[in-house]
2 protein chains.
Amino acid sequence: MTDADPIKTPLTLDDGVDFAIIEHLFFAYRDFTADPDAILDEYGFGRAHHRVLHFVNRLPGLTVAELLEVLRITKQSLARVLKQLIDDGYIVQIPGPRDRRQRELYPTQKGRDLALALALPQSRRIRAALEEAEPGDSAAVERFLRAMVNPELRAQMDKLPNGRSK
Amino acid sequence: MTDADPIKTPLTLDDGVDFAIIEHLFFAYRDFTADPDAILDEYGFGRAHHRVLHFVNRLPGLTVAELLEVLRITKQSLARVLKQLIDDGYIVQIPGPRDRRQRELYPTQKGRDLALALALPQSRRIRAALEEAEPGDSAAVERFLRAMVNPELRAQMDKLPNGRSK
DNA sequence: GAAATTATGTCAGCCTTATTGACATAATTT
DNA sequence: AAATTATGTCAATAAGGCTGACATAATTTC
């Protein structure tokens, strides 16, 4: 009986849980993804296309298998999205030079342009958020977000180019 | 012709976009949601159930309309998820005292327990991430995440109980 | 050189979470 | 009494995942 009774007091920070950051992450991520979502809509693409396009631009020449590992989705899930991006001329496949079974994935100029257009509002939002911040906050945020990732997956992040790499 | 050519240089920070934080957010949020997702699976629930259960626990007595506004989904999307949570005894509906058309939503003890169980690994992850951090980083992270939210939606966040309440 | 393994592609079917539009009911407001 | 409001429900659709099965070509192994 008592188990079906309504509980009228809210869960609060007193319950030993950091609801503030949990909820801040939820709302921040929602608005963060809303920017590119609006653009993608105009192209008939979704968030899945964005992720593929993004990583192909950040790691040009990566293979299908490598992409699957970064995205942690199945081959069949990737197939539909990747096929569209190729058919529409945003990404091209080139047989691997060593192993000709592999398909190296590269963006076209069209794909590069769209990737940048999608990243721009996100970068703008981040810059605006950091303008209201104290100096050093940027590094703190990056450290925190990195520490939120499973340790065994941090190596993946380190593979991404982080600076002037011609 | 040139438009279909592969581009072999990666997008880097030089392109004027803060890819570091963009990607850190992506990876951090993915692992952050993986924790509760694993628990929800055992109950036959998904992420949608989590969100409903969370906000009903944080704002007990909120109405269906209020919940729709927080979640920004449609009535029809909420219906299925909410019905399951009610049928399974995690949430109860009580006719609004003023307006008997309204249904106030409250968690049961079972619903309170599950909400806490879902929040715990997330809170643990946050605590662990902050242990490696400098003092003051926690506040910096919270400020940053808040600034990432659309200004007009920040008011919604302020409605959530943030401290010792009763 | 034959056999096994690997990288990729593709087909078919299913699930979850979201959407829109339409309509029903009960309660409140005008 | 009529209009509006809060909620519930039905039907159809879409995106983005999933699994399992099978095909093909290229490489590796024996």
Side-chain angles (χ1 to χ4, degrees), chain A residues 26 29-30 33-34 36-56 61-88 91-106, chain B residues 26 29-30 33-34 36-56 61-88 91-106:
Chain A
F26 170 71
Y29 197 77
R30 174 163 74 184
T33 51
D37 281 355
I39 298 173
L40 289 159
D41 242 27
E42 302 166 20
Y43 290 78
F45 292 152
R47 217 173 277 182
H49 302 83
H50 186 188
R51 292 195 283 264
V52 170
L53 192 60
H54 176 89
F55 285 108
V56 168
L62 90 173
T63 65
V64 170
E66 286 166 344
L67 184 53
L68 289 177
E69 222 209 298
V70 173
L71 298 178
R72 309 222 145 230
I73 58 174
T74 60
K75 188 176 44 165
Q76 296 88 334
S77 296
L78 175 60
R80 172 183 44 87
V81 172
L82 183 56
K83 192 176 186 317
Q84 277 180 275
L85 287 169
I86 291 170
D87 288 350
D88 294 357
I91 290 178
V92 289
Q93 282 178 322
I94 298 183
R98 274 179 280 274
D99 186 335
R100 296 210 317 277
R101 289 171 305 179
Q102 295 184 334
R103 309 298 163 87
E104 293 186 344
L105 303 173
Y106 293 93
Chain B
F26 170 69
Y29 196 78
R30 173 163 76 185
T33 50
D37 281 355
I39 298 172
L40 289 159
D41 242 27
E42 303 167 19
Y43 290 78
F45 291 152
R47 216 173 276 182
H49 300 84
H50 186 188
R51 291 196 282 264
V52 170
L53 192 59
H54 175 89
F55 285 107
V56 169
L62 90 173
T63 64
V64 170
E66 286 166 344
L67 184 53
L68 289 177
E69 220 210 299
V70 173
L71 297 179
R72 310 221 144 229
I73 57 175
T74 58
K75 187 176 47 164
Q76 297 87 334
S77 296
L78 175 61
R80 172 187 44 89
V81 171
L82 183 56
K83 192 178 186 314
Q84 277 180 277
L85 287 167
I86 290 170
D87 289 349
D88 295 357
I91 290 177
V92 288
Q93 282 179 321
I94 297 184
R98 274 180 279 274
D99 186 335
R100 294 210 318 276
R101 288 172 307 180
Q102 294 184 333
R103 307 299 160 88
E104 293 186 344
L105 303 172
Y106 293 93

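The chains referred to below are lettered A, B, ... by the order of the sequence lines, with proteins before strands, and numbering in each begins at 1.
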Below 3.5 Å, can you tabulate the donor-acceptor pairs from side chains in residues 62-69 of chain B to any protein atom, sequence neighbours excluded?
unit_1	atom_1	unit_2	atom_2	d
B/T63	OG1	B/E66	N	3.3
B/E66	OE1	B/T63	N	2.9

Residues two or more places apart in sequence or in another chain: which of them pass side chain to side chain donor-acceptor pair (under 3.5 Å) with [X]?
| X | value |
| --- | --- |
| A/K75 | none |
| A/D99 | A/R101 |
| B/R100 | none |

From [atom1] of [X] over to [atom2] of [N], roughly how many Å is that when rounded to an integer?
| X | N | atom1 | atom2 | value |
| --- | --- | --- | --- | --- |
| A/I73 | D/dA15 | CD1 | C1' | 13 Å |
| A/F45 | D/dA14 | CZ | P | 18 Å |
| A/R100 | D/dT28 | CZ | C1' | 15 Å |
| B/L40 | C/dC15 | CG | C1' | 16 Å |
| B/D41 | C/dT17 | CG | P | 10 Å |
| B/L68 | C/dT20 | CG | P | 12 Å |
| B/L67 | C/dA18 | CG | P | 12 Å |
| A/Q84 | C/dT10 | CD | C1' | 15 Å |

Value rounded to 0.5 Å, distance of CG in A/L105 from CD1 in A/I91: 6.5 Å

Regarding A/R80, tell me which of base, sugar-phosphate or nothing describes its non-hydrogen contacts under 4.0 Å with the strands shown. base

Not counting sequence neighbours, which residues clear ring pair (Phe, Tyr, Trp, His ring centres under 6.0 Å) with A/F26? List them please. B/F55

Can you tell me which stems DNA chain C forms, taking runs of 3 or more consecutive Watson-Crick or G-U pairs with both distances under 3.5 Å? C:1-30 with D:1-30

Donor-acceptor pairs under 3.5 Å, side chain of residues 37-44 of chain A to any protein atom, not counting sequence neighbours: which ones?
unit_1	atom_1	unit_2	atom_2	d
A/D37	OD1	A/R47	NE	3.4
A/D37	OD2	A/R47	NE	3.3
A/D37	OD2	A/R47	NH2	2.7

Taking all non-hydrogen atoms of both residues into account, name the closest pair between B/V56 and B/Y106 and its distance. CG1-C, 3.7 Å

Please, which pairs that meet salt bridge (charged side-chain N to carboxylate O under 4.0 Å, His left out) have at least one residue in residues 77-87 of chain B, sequence neighbours excluded? B/K83-B/D87

How does protein contact run along nucleotides 2-9 of chain C, one letter per nucleotide 5' to 3', with B for base contact, S for sugar-phosphate only, - for none, heavy atoms under 4.0 Å? ----BSBB

Report yes if at least one side-chain N or O of B/T74 is closer than 4.0 Å to OP1 or OP2 of C/dT19; otherwise report no. yes

